[in-house]
Every structure is written in C-alpha cells, then in structure tokens.
Amino acid sequence: VPTLFIVGQYDEATPETAKSFSKKIKGSQVSVIKGASHSIFTEKPKEAQKKLTSFLNKVEKDLEK
C-alpha cells in the first residue's frame, strides 16, 4: 500500500521518528515540510499540498502501469 509520512521540521512526531516507521513499510516515503511544526496544513498549506499532490500523482501513475 503506498504510504506517505508527512511531517514538519519541528513536528512533535519528529522526522527521525517518521523515517523509523517508514523503514517498516516497504516502499513508503517521508516528506518533511521545512519550517513547520505539527500543523503542516495550517502553517505551510502550499508546501504540504504540493508534496501530497506529488505523492498521489506518482501513486496514480504507478497504478496505470
């Protein structure tokens, strides 16, 4: 199952923690929003949306293969 961990640079769920969980899910990805904490979609909506859209577009493209 395609999985994206998306966290803020200063998130209480730290980027290191997200990377640790990501290693447990084959093919998963981690995206870090620079300058954001836990509320990435409130603090950095354009950056968060861009990363999420990019991930979903890749998943859709991979499913078409």
Side-chain angles (χ1 to χ4, degrees):
V1 174
T3 305
L4 174 65
F5 292 89
I6 185 167
V7 297
Q9 179 180 7
Y10 306 111
D11 204 319
E12 57 193 75
T14 67
E16 292 75 23
T17 301
K19 290 173 188 172
S20 172
F21 281 108
S22 177
K23 289 178 184 175
K24 298 175 187 283
I25 301 174
K26 183 179 179 181
S28 65
Q29 294 178 222
V30 176
S31 286
V32 179
I33 305 293
K34 293 182 181 181
S37 63
H38 192 67
S39 300
I40 56 173
F41 285 96
T42 302
E43 296 172 1
K44 302 279 186 167
K46 289 180 184 176
E47 293 89 336
Q49 184 66 41
K50 183 176 178 181
K51 290 190 183 255
L52 180 58
T53 300
S54 175
F55 173 77
L56 293 174
N57 286 339
K58 182 183 179 306
V59 168
E60 187 174 80
K61 186 176 181 182
D62 289 347
L63 289 173
E64 292 173 354
K65 290 181 183 178

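- Leu63 and Leu52 fall within a single hydrophobic cluster, where Ile, Leu, Val, Met, Phe, Trp and Tyr side chains are chained together by heavy-atom contacts under 4.5 Å.
- In this structure, Gln9 and Ile33 have side chains that are not in contact, with every pair of non-hydrogen atoms separated by 4.5 Å or more.
- Taking NZ from Lys58 and OG1 from Thr53, the interatomic distance works out to 15.0 Å, rounded to the nearest 0.5 Å.
- Scanning for side chain to side chain donor-acceptor pair (under 3.5 Å) contacts around Ser39 gives an empty result, with sequence neighbours left out.
- Side-chain contact annotation: Thr14 with Thr17, donor-acceptor N/O pair under 3.5 Å present.
- Interatomic distance, NZ of Lys50 versus NZ of Lys46, reported as 11.5 Å (0.5 Å rounding).
- Pairing each heavy atom of Ile40 with each of Ala48, the nearest pair is O-CB, 4.0 Å.
- When all heavy atoms are compared, the tightest approach of Phe41 to Gln49 is CE2-N, 4.1 Å.
- Residues passing the side chain to side chain donor-acceptor pair (under 3.5 Å) test with Glu43, sequence neighbours excluded: Ser37.
- In terms of hydrophobic clustering, with Ile, Leu, Val, Met, Phe, Trp and Tyr side chains grouped at heavy-atom distances under 4.5 Å, Val30 and Leu4 are assigned to different clusters.
- Residues Ile25 and Phe5 meet the side-chain proximity criterion, which asks for heavy atoms closer than 4.5 Å.
- For the atom pair NZ of Lys34 and OH of Tyr10, the computed distance is 10.0 Å after rounding to the nearest 0.5 Å.
- For Thr3 (side chain) and Val1 (main-chain N/O), a donor-acceptor pair under 3.5 Å exists by modelled atom type.
- Looking at Ser28 and Phe21, their side chains never come closer than 4.5 Å, going by heavy atoms from C-beta outward.
- Side-chain N or O atoms of Asp11 include one that pairs as donor or acceptor with a backbone N or O of Gly8 at under 3.5 Å.
- The structure places NZ of Lys44 at 11.5 Å from NZ of Lys51, a figure rounded to the nearest 0.5 Å.
- Taking all atoms of both residues into account, the shortest heavy-atom contact from Ala13 to Val7 is O-CG1, 3.6 Å.
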